[in-house]
Amino acid sequence: LDFVDDLEPYKKRKLWMVNGLHAAAAWLGLQSGHEYIDAAVADGAIRVNLDRMASTMVEVLAAQYAFLEAEELRHYAHTSLSRFANGAIRDRCARVARNPLIKLGADERILGSAVAAEQAGLDVSGHAAAICAALALRPGMAEGAEEFLQLIEQDGWRQYMESIGVTEDGPLMDAIDDCAPAVGAQEDAGTVEVEILNPAGLHARPAAMVVERAKTLDADIVIRKGEKQANAKSIMSVLTLGASHGDVISVSAEGPDAAAAIEFIVGLMTTAEEGT
């Protein structure tokens, strides 16, 4: 327990290097089809962006507060990422990704450090990747995603970014622009309801086939049964639906391969041959 005269630097360190990196891992994880945070952090492509974010945060905080030593800050960030990577205390990406309107707000866990980094001329590529992943959330992927997406669709992502402090023609906006074309370029194949005729239901081999195929498609695919919903790229998520022969499910997809995704799942679920 350390007694300090000013809590603000330590609150900011925690907000950025714990909450910020956590949210970024969740958004990037969902974008890549991961169900759990530890799997997201273990993904090499995601980890590169998280490490870039952490390094930038270290430089910003060390410059803002001389008494916060860079080496200590690096250790703090490394400890956070190591904890997130611990599969024994795993957390779902969908839970951590919730309420993106709050988490991607001005001066919040992501934008606070991103805007400060931009003003200091530091690398913002990791932050941009996390922001793009948040912009790429689809309905049903995380609590609060619908409200967030409605705002983005209404105002456009650029105007939204400007409203939360991103400079119109600055490096951060340019970096987001580099990865944001997929946002708003989604093709929507809609939602199809289907009765499961496959004797195996959406269990075992059929579930594995859905996930295997979904991971090869450029689309966000959500399967619903009643109040439950699943990310079609996560085997555990699909299995928790408990969808059996005779049940009715709905399949929604958005993205360039949306139509192919729905066609495959509907075809698999309506076959009368078990496990094929």
Side-chain angles (χ1 to χ4, degrees), residues 6-31 37 40-41 46 49-65 68 73 76-77 80-81 83-84 91-120 122-137 141-168 170-177 179-180 183:
D6 183 6
L7 278 175
E8 193 59 33
Y10 301 94
K11 289 166 63 178
K12 185 181 292 186
R13 181 183 67 176
K14 189 264 183 185
L15 181 66
W16 292 1
M17 293 186 159
V18 178
N19 305 95
L21 292 174
H22 210 201
W27 294 333
L28 290 163
L30 287 176
Q31 186 182 42
I37 292 289
V41 176
I46 293 176
N49 285 311
L50 294 175
D51 286 340
R52 286 173 178 167
M53 287 182 68
S55 294
T56 296
M57 291 171 174
V58 167
E59 291 189 64
V60 172
L61 286 170
Q64 289 183 350
Y65 307 103
L68 292 179
L73 290 168
Y76 189 95
S80 293
L81 292 172
R83 179 159 58 86
F84 302 156
D91 205 347
R92 293 181 184 276
C93 291
R95 190 198 72 80
V96 181
R98 69 195 191 281
N99 301 326
L101 264 179
I102 295 174
K103 293 175 179 175
L104 201 57
D107 297 322
E108 253 288 344
R109 60 207 71 197
I110 303 294
L111 260 295
S113 55
V115 171
E118 180 180 54
Q119 293 172 347
L122 300 173
D123 177 26
V124 291
S125 60
H127 287 78
I131 292 168
C132 285
L135 292 173
L137 287 171
M141 292 179 73
E143 181 183 338
E146 288 81 1
E147 181 185 4
F148 176 66
L149 292 171
Q150 285 174 4
L151 184 61
I152 297 299
E153 291 172 5
Q154 174 184 316
D155 299 333
W157 70 265
R158 281 184 168 276
Q159 185 172 335
Y160 175 73
M161 286 294 118
E162 289 179 42
S163 74
I164 56 177
V166 179
T167 304
E168 181 179 2
L172 181 57
M173 189 74 84
D174 289 344
I176 297 170
D177 195 30
C179 58
V183 181

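The first residue of the sequence shown is numbered 1, and numbering continues consecutively from there.
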Practice problem: Evaluate the side-chain proximity of Leu111 to Val166: yes if any heavy-atom separation is below 4.5 Å, no if none is. | Solution: yes
Quiz prompt | Where Gly126 and Met53 come nearest, the two heavy atoms and their spacing | solution = C-CG, 3.4 Å
Quiz prompt | Sub-4.5 Å side-chain heavy-atom contact between Phe84 and Leu50 | solution = no
Quiz item: Minimum heavy-atom separation for Val58 to Leu73, with atom names?
Solution: O-CD1, 3.7 Å
Compile the donor-acceptor pairs under 3.5 Å between side chains in residues 93-106 and protein atoms, sequence neighbours left out, one pair per line.
{"from": "Arg95", "atom 1": "NE", "to": "Asp91", "atom 2": "OD1", "distance (Å)": "2.9"}
{"from": "Arg95", "atom 1": "NE", "to": "Asp91", "atom 2": "OD2", "distance (Å)": "3.1"}
{"from": "Arg95", "atom 1": "NH2", "to": "Asp91", "atom 2": "OD2", "distance (Å)": "2.5"}
{"from": "Arg98", "atom 1": "NH1", "to": "Arg95", "atom 2": "O", "distance (Å)": "2.6"}
{"from": "Lys103", "atom 1": "NZ", "to": "Val96", "atom 2": "O", "distance (Å)": "2.6"}
{"from": "Lys103", "atom 1": "NZ", "to": "Arg98", "atom 2": "O", "distance (Å)": "3.1"}

Quiz item: In Å and rounded to the nearest 0.5 Å, what is the CG to CG distance from Leu21 to Leu15?
Solution: 10.5 Å
Exercise. Would you check if Ile164 and Val115 make a side-chain contact, meaning some heavy-atom pair closer than 4.5 Å?
Key: no
Quiz prompt | pair Met173-Glu162: side-chain heavy atoms closer than 4.5 Å | solution = yes
Quiz item: Closest approach of Leu172 and Ala114, non-hydrogen atoms and distance?
Solution: CD2-CB, 3.8 Å
Quiz item: Going from NZ on Lys14 to CG on Leu7, what distance comes out if it is rounded to the nearest 0.5 angstrom?
Solution: 13.0 Å
Exercise. Give, for atom OG of Ser163 and atom CG of Leu151, the distance between the pair rounded to the nearest 0.5 Å.
Key: 7.0 Å
Self-check item: Side chain Thr56, main chain Val124, donor-acceptor under 3.5 Å
Solution: no
Quiz item: Looking at residues at least two apart in the chain, or sitting in another chain, which of them share a ring pair (Phe, Tyr, Trp, His ring centres under 6.0 Å) with Tyr160?
Solution: Phe148
Practice problem: First locate atom CD1 of Ile152, then atom CD of Gln159, and finally report the distance between them rounded to the nearest 0.5 Å. | Solution: 10.0 Å
Quiz item: Looking only at heavy atoms, which two atoms of Ala116 and Val60 are closest? And how far apart?
Solution: CB-CG1, 3.7 Å
Practice problem: Specify the closest pair of heavy atoms between Ala129 and Leu28, including all atoms of both residues, with the distance to one decimal. | Solution: O-CD2, 3.6 Å
Quiz item: Does the side chain of Gln31 reach to within under 4.5 Å of the side chain of Ile46, using non-hydrogen atoms?
Solution: no
Practice problem: Taking the side chain as every heavy atom from C-beta outward, state whether Glu108 and Asn19 have any pair of such atoms under 4.5 Å apart. | Solution: no
Quiz item: Can Trp27 and Leu135 be said to form a side-chain contact (heavy atoms from CB on, under 4.5 Å), step by step?
Solution: CA-CA 9 Å; Trp27 294 333; Leu135 292 173; over 6 Å; no
Quiz item: Do the side chain of Ser113 and the main chain of Met57 share a donor and acceptor less than 3.5 angstrom apart?
Solution: no
Quiz item: Can you tell me how far the CG atom of Leu122 sits from the CD atom of Glu59, to the nearest 0.5 Å?
Solution: 5.0 Å
Quiz prompt | Heavy-atom side-chain contact between Lys12 and Gln64 under 4.5 Å | solution = yes
Quiz item: Does the side chain of Arg158 come within less than 4.5 Å of Ile176's, by heavy atoms?
Solution: no
Quiz prompt | Value rounded to 0.5 Å, distance of CE in Met161 from CG in Asp177 | solution = 12.0 Å
Quiz item: Does CG belonging to Asp174 count more than 12 external heavy atoms closer than 6.0 Å?
Solution: yes
Quiz prompt | Heavy atoms from other residues, nucleotides or ligands near CD of Glu147 exceed 12 (cutoff 6.0 Å) | solution = no
